[in-house]
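Below you'll find the structure, written out as structure tokens, and then a few comments.
Reminder, nothing fancy here: chain letters follow the sequence lines and each chain counts from 1. What you are looking at is a predicted structure, and each value in this text was computed from that prediction instead of being measured.
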There are 2 protein chains.
Amino acid sequence: MATGRTHRPATRSRGIPEATVARLPLYLRALTALSERSVPTVSSEELAAAAGVNSAKLRKDFSYLGSYGTRGVGYDVEYLVYQISRELGLTQDWPVVIVGIGNLGAALANYGGFASRGFRVAALIDADPGMAGKPVAGIPVQHTDELEKIIQDDGVSIGVIATPAGAAQQVCDRLVAAGVTSILNFAPTVLSVPDGVDVRKVDLSIELQILAFHEQRKAGEEAAADAVPHVAARKQPSTDQGPDGDVPAVMPA
Amino acid sequence: MATGRTHRPATRSRGIPEATVARLPLYLRALTALSERSVPTVSSEELAAAAGVNSAKLRKDFSYLGSYGTRGVGYDVEYLVYQISRELGLTQDWPVVIVGIGNLGAALANYGGFASRGFRVAALIDADPGMAGKPVAGIPVQHTDELEKIIQDDGVSIGVIATPAGAAQQVCDRLVAAGVTSILNFAPTVLSVPDGVDVRKVDLSIELQILAFHEQRKAGEEAAADAVPHVAARKQPSTDQGPDGDVPAVMPA
DNA sequence: AAATGTGAACTTTTTCACAGCA
DNA sequence: TGCTGTGAAAAAGTTCACATTT
């Protein structure tokens, strides 16, 4: 690395669409399950079903990574697991700090899928001095004062914020100042960060509100449906996750 | 579909884009904060900044709801709060059950923003008989056997699954059979549900993997940047959340 | 025969830029 | 004058359908 080269690494044209990146972990999970069952190969159709997406989308997604399948056969499970892991950066180990060891922080610390896939909890940090030293998920909680030291010593670049909303921005600023460049925010606040820092948020109440919106609409539809001869059959098992789910679009006049 | 009607209802063309729906809770939160500070009106620019989106997008989003602003002035905070709440279905009260009262379930039960905005925890349910009766967040945990009864008695239509992955599909099936039509899934599994049921998922490990992807790319870029005279200034405070975060596209020529 | 990989069509979402109103 | 509301353009994402390869 670090040469005077002006071109993108001879690899394949970078620029995997963000939507594709967001689905790679889904594929990886499905593939890992297959791998554990020692399934050697899988078709786009099968894998797509397991991941809950459609097969054309899956093939298109994989096409951004390269040609890892075999026509007439499908994909080699182990090989794909490796390729996707590599693409996601999971072949290296990412130390992560969790700040705010309340109920949620403890839940996160205990979350198994964490350690399993490339991530390692480097430290648990809480502002409450009473918590200091107390082990959570086998890791002793450290006081906020130690934050900068921990991040620098362990080379932490990913931080998880599970504090109350009021403390989140301040914690975020400290994390960023200490060198963290990716933040997963569970606090219900918009964080502002310098350029070059990634923030993703997970927000229970937003998810519930989106569900309520669709739920309300369903209720309206039912009322409308009552006025109509026969409600169309609802019950085809469909696999569908993510942002929408249905969005039918009927509506009373 | 069902009737012979071919035209859209006379109402304002329903069909708020899904992307817009997903942002409404964000606007609502920002507006609620303003309302608490007794701010009477707000411009699209200000509100957009508070919500972490750009103002054109916000205006476009609001335009799907109707014309609730005043040109030259901005939006009336209270009025908008009401309109968005109504649109999201938050003017009614949604009873919610949480299934799986481990660390995460407890965290969710204790989550304040829950009760505050239209949602009410109708019951906490766990498969462990030892948990039964134990109060969490002031609510006694009930055994899974009671699930169907609770859902029917309380008219619950939204369920939260916080069980281990292995139990999730089974719990989901029972919820759906009992009448739940919206599910928020915290278990790391793809749930399959009948048509007409909405599922949204929240998945810590997926979020971390997406961060790792970008983090890895940053590392690569840095190395590339070392070969270039001077790294462009990174540090303009930017507000940016959601799916991407940055995706800088530095790309040496 | 089976299943990938991908141009091309289509849909959704974002951004632009400005007319129109208070 | 200031700021909304929105057509129109651009970008991103999804789906189709089929030539290509094993």
Interatomic distance, B:Phe62 CZ vs D:dG5 P [rounded to whole Å]: 9 Å
pair B:Phe186-B:Leu108: side-chain heavy atoms closer than 4.5 Å: yes
Spacing between B:Leu80 atom CG and D:dT4 atom C1', to the nearest angstrom: 12 Å
B:Ser43 side chain near D:dC3 phosphate (N/O to OP1/OP2, under 4.0 Å): no
Sole residue of B:Thr181, B:Ile158, B:Ile161 in side-chain contact (heavy atoms from CB on, under 4.5 Å) with B:Leu175: B:Ile161
Distance, rounded to the nearest Å, where A:Tyr27 contributes OH and C:dT4 contributes C1': 15 Å
5'-most by nearest nucleotide on DNA chain D - A:Val73 or A:Arg59: A:Arg59
Any B:Asn54 side-chain nitrogen or oxygen under 4.0 Å from OP1 or OP2 of C:dT15: yes
Heavy-atom side-chain contact between A:Ile183 and A:Arg200 under 4.5 Å: no
First of A:Pro17 and A:Gly72 reached from the 5' end of DNA chain D, by closest nucleotide: A:Pro17
Base of D:dT20 paired with side chain of A:Arg71 (donor-acceptor, under 3.5 Å): yes
N/O (side chain, B:Tyr75) to phosphate O (OP1/OP2, D:dG5) under 4.0 Å: yes
Whole angstrom value for the distance that separates C1' of C:dC16 from CD of B:Glu45: 14 Å
Nucleotide C:dA3, atom P - distance to NZ of A:Lys57 in whole Å: 21 Å
Selected nucleotide, minimal atom distance to B:Ser63 side chain, candidates D:dT6, C:dT14, D:dG13: D:dT6
A:Leu58 CG - D:dT14 P separation (whole Å): 12 Å
Residue pair B:Phe62, B:Ile84: steps toward the side chain to side chain contact (heavy atoms under 4.5 Å, CB included) verdict: CA-CA 9 Å; B:Phe62 286 178; B:Ile84 294 179; 3.9 Å; yes
Spacing of B:Ile16 atom CD1 relative to D:dT6 atom C1', expressed in whole Å: 16 Å
Heavy-atom donor-acceptor pair, A:Glu207 side chain to B:Val202 backbone, under 3.5 Å: no
Contact under 4.0 Å: B:Thr70 side-chain N or O vs D:dT4 OP1/OP2: no
Residue whose nearest DNA chain C nucleotide is more 5′ - A:Val42 or B:Arg23: A:Val42
Value in whole Å for how far the P atom of D:dC3 lies from CD of B:Glu46: 8 Å
